[in-house]
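Bear in mind the structure is a predicted one, so any value in this text is a computation, not a measurement. Residue numbering restarts at 1 for every chain, and letters A, B, ... go by the order of the sequence lines.
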4 protein chains.
Amino acid sequence: MTAASTEEKRAAISEAAIKMFARKGYHGTRIADIAREAKVSYGLVYHYFKSKEEIVTFLFQRKWDLLVGVIDSIQREEVGFERQVEAVTSFLIESYRLNPELIEALVMEITRNGKFIKGRNLRLLEKALSGMESMVRSGQARGEVRTGIDPKVVSYAFFGSIESILTGFVFKTLPQDDAAVERAKQGVRDLFIQGLRPIHGDRVLAAQPA
Amino acid sequence: MTAASTEEKRAAISEAAIKMFARKGYHGTRIADIAREAKVSYGLVYHYFKSKEEIVTFLFQRKWDLLVGVIDSIQREEVGFERQVEAVTSFLIESYRLNPELIEALVMEITRNGKFIKGRNLRLLEKALSGMESMVRSGQARGEVRTGIDPKVVSYAFFGSIESILTGFVFKTLPQDDAAVERAKQGVRDLFIQGLRPIHGDRVLAAQPA
Amino acid sequence: MTAASTEEKRAAISEAAIKMFARKGYHGTRIADIAREAKVSYGLVYHYFKSKEEIVTFLFQRKWDLLVGVIDSIQREEVGFERQVEAVTSFLIESYRLNPELIEALVMEITRNGKFIKGRNLRLLEKALSGMESMVRSGQARGEVRTGIDPKVVSYAFFGSIESILTGFVFKTLPQDDAAVERAKQGVRDLFIQGLRPIHGDRVLAAQPA
Amino acid sequence: MTAASTEEKRAAISEAAIKMFARKGYHGTRIADIAREAKVSYGLVYHYFKSKEEIVTFLFQRKWDLLVGVIDSIQREEVGFERQVEAVTSFLIESYRLNPELIEALVMEITRNGKFIKGRNLRLLEKALSGMESMVRSGQARGEVRTGIDPKVVSYAFFGSIESILTGFVFKTLPQDDAAVERAKQGVRDLFIQGLRPIHGDRVLAAQPA
DNA sequence: GATGAATGAGTTTTCATTCAT
DNA sequence: GATGAATGAAAACTCATTCAT
């Protein structure tokens with residue numbers, strides 16, 4: 001561990017942190033674990049990061065930025081609501097296939113520990129949510145999405161669905177083979193596409209009050 | 001805190017624990033916090049519980065048992081899939097209105113901390129999930145739910161949606177007034193009812209591959 | 001170390017702290033040292049004191065309060081300036097004979113580390129100084145002390161003299177036998193008594209400018 | 001920081017060290033602070049000094065040597081005791097006016113931290129003290145100083161007085177304007193000159209035992 | 001000579017848990 | 001049952017010092 005730029009080193013350490021957080025959670029991970037994983041002395045970790053918390057913060061910032069960026073760009077594409085839902089679903093579910101450890105870390109800590117759903121991260125999460133909310137709203141404006149449903153509620157339900165499924169992958173309560181992943185992707189997509197499709201006079205369904 | 005049966009004392013302590021876990025999370029809560037909240041010396045906590053972990057375990061057992069029990073009984077009712085979805089959704093969303101602290105605790109720790117989605121708790125969660133899965137499966141058998149969708153995926157998506165919305169309530173990123181809660185309830189219900197309704201030849205939608 | 005009231009325990013721990021601070025200085029003393037000296041686990045030290053700094057603070061408060069109190073009461077006695085100087089000098093120099101470790105600790109850390117000559121301790125030190133200043137000023141008013149000298153400067157010089165001599169004792173650069181201590185006491189007393197005595201027309205001396 | 005001889009570099013670094021020690025004390029000063037102040041990488045500090053301790057040692061050596069040298073030369077001058085006291089007092093008090101940071105550092109660490117009043121520094125301090133002691137002793141031999149007082153005690157009292165006043169300047173508990181500095185200088189000088197002046201039959205004063 | 005990345009021993013502090021009363 | 005004093009393992013963090021470039 002000699003050369004490498006400061007940025008590369010920070011990246012290397014935060015990659016190690018992702019691995020450890022995914023494996024043992026934030027509280028379960030000691031700085032020494034991260035250092036060992038990064039093949040670095042733990043003193044060096046403090047050379048690059050002020051504290052344990054700064055590591056998570058840094059890690060979240062980069063990864064969430066990426067995630068939010070993708071959702072944002074999908075939202076901008078003018079391809080119709082259903083295509084957008086499909087694209088976002090695919091991207092999120094595929095992310096797990098590509099980088100399960102990262103998703104595990106995000107699922108384990110970001111989503112899972114209230115402490116980090118605060119400040120910046122909360123705002124990023126909200127940005128992702130509001131991206132979806134906008135898609136729904138635009139879809140409603142274009143008549144592609146029925147209007148009798150709250151777009152904010154939809155956005156929460158959508159990301160909740162994805163998160164839940166990813167959690168299922170992480171905790172192995174859902175099968176993770178390619179077919180199963182594909183099935184999950186289709187399931188969510190279909191659920192939201194059909195669930196939001198306008199129907200005849202709309203508002204038709206509204207189950208009668210119990 | 002003098003008389004009271006052992007069971008009452010355990011209950012009192014675990015109620016205090018719920019409050020504190022909701023407020024500060026599992027790791028952020030010290031035994032002393034729970035003791036103070038329960039107006040009890042912290043030494044006494046160890047008379048009633050072997051360890052901090054046993055407190056959460058006990059707490060989850062009772063609350064999840066209740067929750068799972070309700071879902072179970074709804075599943076048993078022969079009222080048709082849509083009515084069941086409606087009932088479960090109502091029950092879960094209403095729970096927050098009735099006992100927000102409990103939901104916060106469950107959301108903060110049970111759902112959110114991998115450590116506890118293990119062992120018994122994982123099994124309980126799975127029981128809830130499989131209850132929903134069974135409803136979907138039965139609905140499919142009765143022709144009330146379209147068949148081109150994986151019931152397990154649906155159950156994850158459903159509970160994920162609910163959890164996400166409850167989290168929104170807990171973190172105040174969703175409005176919590178009665179109208180908003182009602183809107184959330186309707187949104188989830190409609191989404192899943194319409195999203196799962198069989199359509200003409202079914203499998204119709206499947207967005208073409210990008 | 002089982003019974004004993006909280007106050008007694010705090011006292012016991014701070015006595016141990018005095019010993020260690022005297023021996024190794026504040027920075028050189030580890031909590032573990034204090035704990036060992038007090039025959040107590042170091043965890044217990046934190047039961048009674050929030051932090052290492054609180055220990056010094058507590059220690060200073062009690063000891064300085066005592067010291068300042070004595071000076072204060074001497075100041076109040078109407079016995080003439082010379083008697084007062086004599087009394088204060090005796091008290092301070094004798095203190096070392098009675099409790100050398102305490103004086104060492106005070107000399108080592110309180111007087112010697114800028115950090116602690118702040119806040120409350122600074123104020124206490126100032127109270128001691130201003131006590132002496134008042135004595136000088138009163139002496140001037142009564143014609144017992146010559147007026148051509150700044151009372152504040154005198155008070156600093158006086159305590160500086162004492163401190164310096166105590167330091168000599170602590171660092172063994174001055175002999176500590178009874179005769180030597182007596183000699184020190186007389187020296188300081190005579191110096192200040194004669195040095196401040198009014199002379200004929202006063203202001204006589206003022207060495208001509210070099 | 002490219003050219004410059006080794007000696008110049010050592011001097012530059014130790015000047016920076018003086019500033020930092022004055023500002024934050026020895027323990028509060030990190031090598032990095034000194035390096036930053038000297039506009040040098042902290043690695044380089046180790047090219048010029050073996051350790052942090054060597055920096056203080058070096059710094060003391062030069063400064064104390066200077067100080068001791070001046071006192072020594074004053075002692076050698078045959079100008080009578082009172083003129084000597086005047087000269088030493090002026091030199092010491094003026095030093096603060098000329099280089100307050102240096103005095104602060106000396107006051108903060110040298111005088112104030114037992115650890116460094118050891119070995120060489122202790123010896124230097126003793127040299128200064130013994131210089132004054134010699135002046136007193138010589139004065140006694142010449143009949144200029146009364147004999148009923150221990151010269152060693154006088155020397156401690158004298159330097160203690162000066163130190164205390166300088167500390168007052170450093171900690172701003174004494175005014176630092178020119179008039180106040182002048183007043184301090186006169187005060188100490190007068191106190192010791194008159195306080196040590198032989199009186200008729202000498203030993204006259206000795207306050208009666210309480 | 002310079003630089004600053006790398007190291008790791010050493011310390012404080014926290015807190016679950018035990019235990020004497 | 002009840003209390004809270006006592007314990008000590010565990011972990012974060014600091015910083016003097018070394019060393020490769």
Side-chain angles (χ1 to χ4, degrees), chain A residues 1-6 8-9 13 27-35 38-55, chain B residues 1-6 9 27-36 39-55, chain C residues 1-6 8-9 13 27-35 38-55, chain D residues 1-6 9 27-36 39-55:
Chain A
M1 293 299 108
T2 357
S5 76
T6 290
E8 278 165 346
K9 220 38 178 297
I13 290 170
H27 281 107
T29 299
R30 283 160 298 142
I31 294 291
D33 295 329
I34 296 171
K39 303 246 177 68
V40 136
S41 77
Y42 60 85
L44 197 61
V45 173
Y46 284 94
H47 204 73
Y48 290 101
F49 295 94
K50 210 159 78 297
S51 68
K52 195 179 172 183
E53 184 140 2
E54 211 202 63
I55 299 174
Chain B
M1 292 299 107
T2 358
S5 76
T6 290
K9 220 39 175 300
H27 281 106
T29 298
R30 283 161 300 152
I31 293 291
D33 294 328
I34 296 171
R36 195 179 323 105
K39 304 246 178 67
V40 135
S41 79
Y42 60 87
L44 196 58
V45 172
Y46 284 91
H47 260 282
Y48 293 102
F49 294 94
K50 206 158 75 328
S51 68
K52 193 180 175 184
E53 184 140 5
E54 210 203 65
I55 299 173
Chain C
M1 290 300 107
T2 356
S5 76
T6 290
E8 278 165 346
K9 219 42 179 295
I13 290 171
H27 282 107
T29 299
R30 282 160 299 140
I31 294 290
D33 294 329
I34 296 171
K39 302 245 176 68
V40 135
S41 77
Y42 59 85
L44 196 61
V45 173
Y46 284 93
H47 204 72
Y48 291 101
F49 295 94
K50 211 162 74 297
S51 67
K52 194 178 171 184
E53 182 139 5
E54 211 202 63
I55 300 175
Chain D
M1 292 300 107
T2 358
S5 76
T6 290
K9 220 40 174 299
H27 281 107
T29 298
R30 285 160 298 154
I31 293 290
D33 294 328
I34 296 171
R36 196 179 323 105
K39 305 246 178 68
V40 135
S41 79
Y42 61 87
L44 197 59
V45 172
Y46 283 92
H47 260 283
Y48 292 102
F49 294 95
K50 203 156 76 329
S51 68
K52 194 180 174 184
E53 184 141 4
E54 210 203 65
I55 299 175

Expressed as a whole number of angstroms, how long is the span from [X]:[atom1] to [N]:[atom2]?
{"X": "C:I55", "N": "E:dT12", "atom1": "CD1", "atom2": "P", "value": "10 Å"}
{"X": "D:I31", "N": "E:dA2", "atom1": "CD1", "atom2": "P", "value": "17 Å"}
{"X": "C:Y48", "N": "E:dT13", "atom1": "OH", "atom2": "P", "value": "18 Å"}
{"X": "B:K39", "N": "F:dG1", "atom1": "NZ", "atom2": "P", "value": "21 Å"}
{"X": "D:F49", "N": "F:dC15", "atom1": "CZ", "atom2": "P", "value": "21 Å"}
{"X": "A:K52", "N": "F:dC13", "atom1": "NZ", "atom2": "C1'", "value": "12 Å"}
{"X": "C:I13", "N": "F:dA5", "atom1": "CD1", "atom2": "P", "value": "11 Å"}
{"X": "B:H27", "N": "E:dC15", "atom1": "NE2", "atom2": "P", "value": "11 Å"}

Has [X] got a side-chain N or O lying under 4.0 Å from the OP1 or OP2 atom of [N]?
{"X": "C:T29", "N": "E:dT11", "answer": "no"}
{"X": "A:K50", "N": "F:dC13", "answer": "no"}
{"X": "D:K9", "N": "E:dA2", "answer": "yes"}

Item to check | Dot-bracket encoding of pairs in DNA chain F, which uses [ ] for pseudoknotted crossings and | for another strand, Watson-Crick or G-U under 3.5 angstrom | outcome: .||||||||||||||||||||
Checklist outcome for this item: Walking DNA chain E from its 5' end, the first of B:Y46 and C:Y46 to be reached, judged by nearest nucleotide, is C:Y46
Item to check | Nearest-nucleotide comparison on DNA chain E, the residue closer to the 5′ end among D:V45 and C:A32 | outcome: D:V45
Next on the checklist: Among C:I55, C:I31, C:L44, C:I34, which residue satisfies the side chain to side chain contact (heavy atoms under 4.5 Å, CB included) criterion with C:F49?
Outcome noted: C:I55
Shortest non-hydrogen contact from [X] toward [Y]:
{"X": "D:Y48", "Y": "D:E54", "answer": "O-OE1, 4.0 Å"}
{"X": "B:K9", "Y": "B:V40", "answer": "CE-CG2, 4.0 Å"}
{"X": "B:H27", "Y": "A:H27", "answer": "ND1-ND1, 3.0 Å"}

Checklist entry - Taking N and O atoms by type only, does the side chain of D:Y42 place a donor or acceptor under 3.5 Å from a partner on the base of E:dA2? => result no
Item to check | Selected nucleotide, minimal atom distance to D:H47 side chain, candidates E:dT13, F:dA2, E:dA2 | outcome: E:dA2
Next on the checklist: Both C:G43 and A:R30 contact DNA chain F. Which one's nearest nucleotide lies toward the 5' end?
Outcome noted: C:G43
Next on the checklist: Both D:S51 and B:S41 contact DNA chain F. Taking the nearest nucleotide for each, which residue is further toward the 5' end?
Outcome noted: B:S41
Item to check | Pairwise distance NE2(A:H47) to OH(A:Y42) - rounded to 0.5 angstrom | outcome: 16.0 Å
Checklist entry - Taking it one step at a time, do D:R30 and D:D33 satisfy side chain to side chain contact (heavy atoms under 4.5 Å, CB included)? => result CA-CA 5 Å; D:R30 285 160 298 154; D:D33 294 328; 3.2 Å; yes
